[in-house]
Amino acid sequence: RLSRSRGALRRAISLARRMELYALLVVIIGAAAAYYLQQEMAMLAYTGGGGVGAAELSIIYSRRVVTPEGVFPAALHIFNGRIQAVVRSDKPPKNSKVKDYGNLVVSPGLVDVHVHLNEPGRAEWEGFETGTKAAAAGGVTTVVDMPLNSFPTTTTGAIFDLKLAASRGKLHVDVAFWGGLVPENAHNKSVLNELIERGVVGFKTFMSPSGIGDFANTNRGDLVAALAVLDQHQIPLMAHAELVADIPPDVGADPRKYATYLATRPRKWEQDAIDILTELASPTGAPIHIAHLSDADSVGKVAAARAAGKRITAETCTHYLVFAAEEIADGGTLFKCAPPIREKENRDRLWQAIKDGTLSSVSSDHSPAPPADKMVESGDFLRAWGGISSLQLSLPATWTQAAARGVDLVKLAEIWSAAPAAVVGLGSKGSIAPGKDADLVVWDPEAEVTVGAEGAAGWTVEHKHKLTPYNGMKLKGRIVATYLRGEFIYASGADDASHRHRAAGPYGKPLLRK
């Protein structure tokens, strides 16, 4: 009887083991079937369900695809300009439509919300054609154009129509537009609504003199009046946050020394302006976005307002994260901007604010000017135009510093793509995910390039004017290719510093808020 019981037990154990094996096989087969089904369903989606209105499938593969969930090997299935699927795979799919980029990084295209393209009226400073070509060469697939320094500045609906007309046939990347907020329209609801109805993504204002005659700075009363309209539409206000106070001139100071200029724009100007903006911000009103924050002492004010639930964000700029006041040579007017580049310790604290998320995004504040306006020959900081030319250079310039400071590719994509897209409500932009526009930059984060140099390790500048403080710098990160809504729009030279843009011409379009 005991022997029979032991035999039954052995048979039961054997049966259980077989059942476990069957269950394991079911799991393996199920996983394989699910993967196969995912591929097939994706293919059906691209071909209209098997023949009706068939369209070609485009697949981009890399072993380093940067997504909000991390960096991993994946195939991006693209149809009609959008990402249909992100399929994790250690190997590229066996499909003739696959473009295999191997170990190169595929990141979301950059979204630069602070760019002065200066057209119409000042195309000799930059212009839609050259500016957006430079953007494509730098992996920037979306820019938001400022209402100045074009002439006239974009402060009415009729002037916006002129700007939109000037952009036709010239856009190599997608371009959205800021409307201009000045005292003349801040209290005029109908004029603000004209711009909103035409599709601006928000309004830009200066709290200090802009340097442009037809773009006066606003005061607190102007902001309060305008925000009443912006609140109704939930459309953002971007502010140049400096509040000017009288400073006794140092008549004996050398205008060729950067310290002379730095002393004319103290940190307190930023702090006083940011105090007003954090006061005006609310949990339910229009979002307020602080442009080009350079003063690290002001970061805490933004953090406190956000902790209180207020809808306020702040960006900093590439040049504040790369350069330091102590490093700027006498007469180096290419470094002049406002707010100014501050000291090394300030730069370090800005990077800390990037890491902890208080500074949520980065922009270029690309603001070029002809060489004569930069006073290159005299080196006079007090007379030179304030603005840095950098649109094309943002990705490698930021990455060079970021990599040295332990900031990874996911964070880089957040501050340069996802967060800025969110600031201006461009929901289809900013990340690699199903349903998003297939705006992509393919690049080598380990390769070095020398700005302005020729040859295999060089990177020539596509801006209209080649003057930039980055000239001659070695930066980490070589742009290999750029895609806009799935279309191949740019490739760098494999063995030289040349640029190859889409043969069929500009592919960008205006992005108008609906």
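This one's a predicted model, so the numbers in the text were calculated from it and none came from an experiment. The first residue in the sequence is number 1, and the count goes up from there.
- Only one option out of Arg347, Arg342, Lys344 pairs with Glu327 in a salt bridge (charged side-chain N to carboxylate O under 4.0 Å, His left out); it is Arg347.
- Salt-bridge check for Asp295 with Lys268: failed, with every basic side-chain N at 4.0 Å or more from each acidic carboxylate O.
- For Tyr490 and Tyr507, the gap between ring centers reaches or exceeds 6.0 Å.
- For the pair Asp439 and Lys429, the salt-bridge criterion is met [side-chain N within less than 4.0 Å of a carboxylate O].
- For Phe381 and Tyr258, the gap between ring centers is short of 6.0 Å.
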Walk me through it: do Asn188 and Ser190 pass the test side-chain hydrogen bond (donor to acceptor under 3.5 Å, both in side chains)? CA-CA 6 Å; Asn188 191 326; Ser190 64; 2.6 Å; yes

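- Counting only distance, with no hydrogens or angles, the side chain of Arg306 and the backbone of Ile312 share a donor-acceptor pair below 3.5 Å.
- Side chains of Ser107 and Trp443: a donor on one and an acceptor on the other come within 3.5 Å.
- A salt bridge is absent between Arg267 and Glu270: the closest approach of a Lys/Arg side-chain nitrogen to an acidic carboxylate oxygen does not fall below 4.0 angstrom.
- Separation of atoms NZ (Lys464) and OG (Ser389) is listed at 12.0 Å; rounding is to 0.5 Å.
- For the atom pair Phe203 CZ and Leu237 CG, the distance stands at 9.5 Å (nearest 0.5 Å).
- A salt bridge does not link Glu119 with Lys163: none of the charged nitrogens is closer than 4.0 Å to a carboxylate oxygen.
- For the residue pair Glu126 / His366, a side-chain donor-acceptor distance below 3.5 Å is found, with atom types taken as modelled.
- Aromatic rings from Trp385 and Trp125 are positioned such that their centres are separated by under 6.0 Å.
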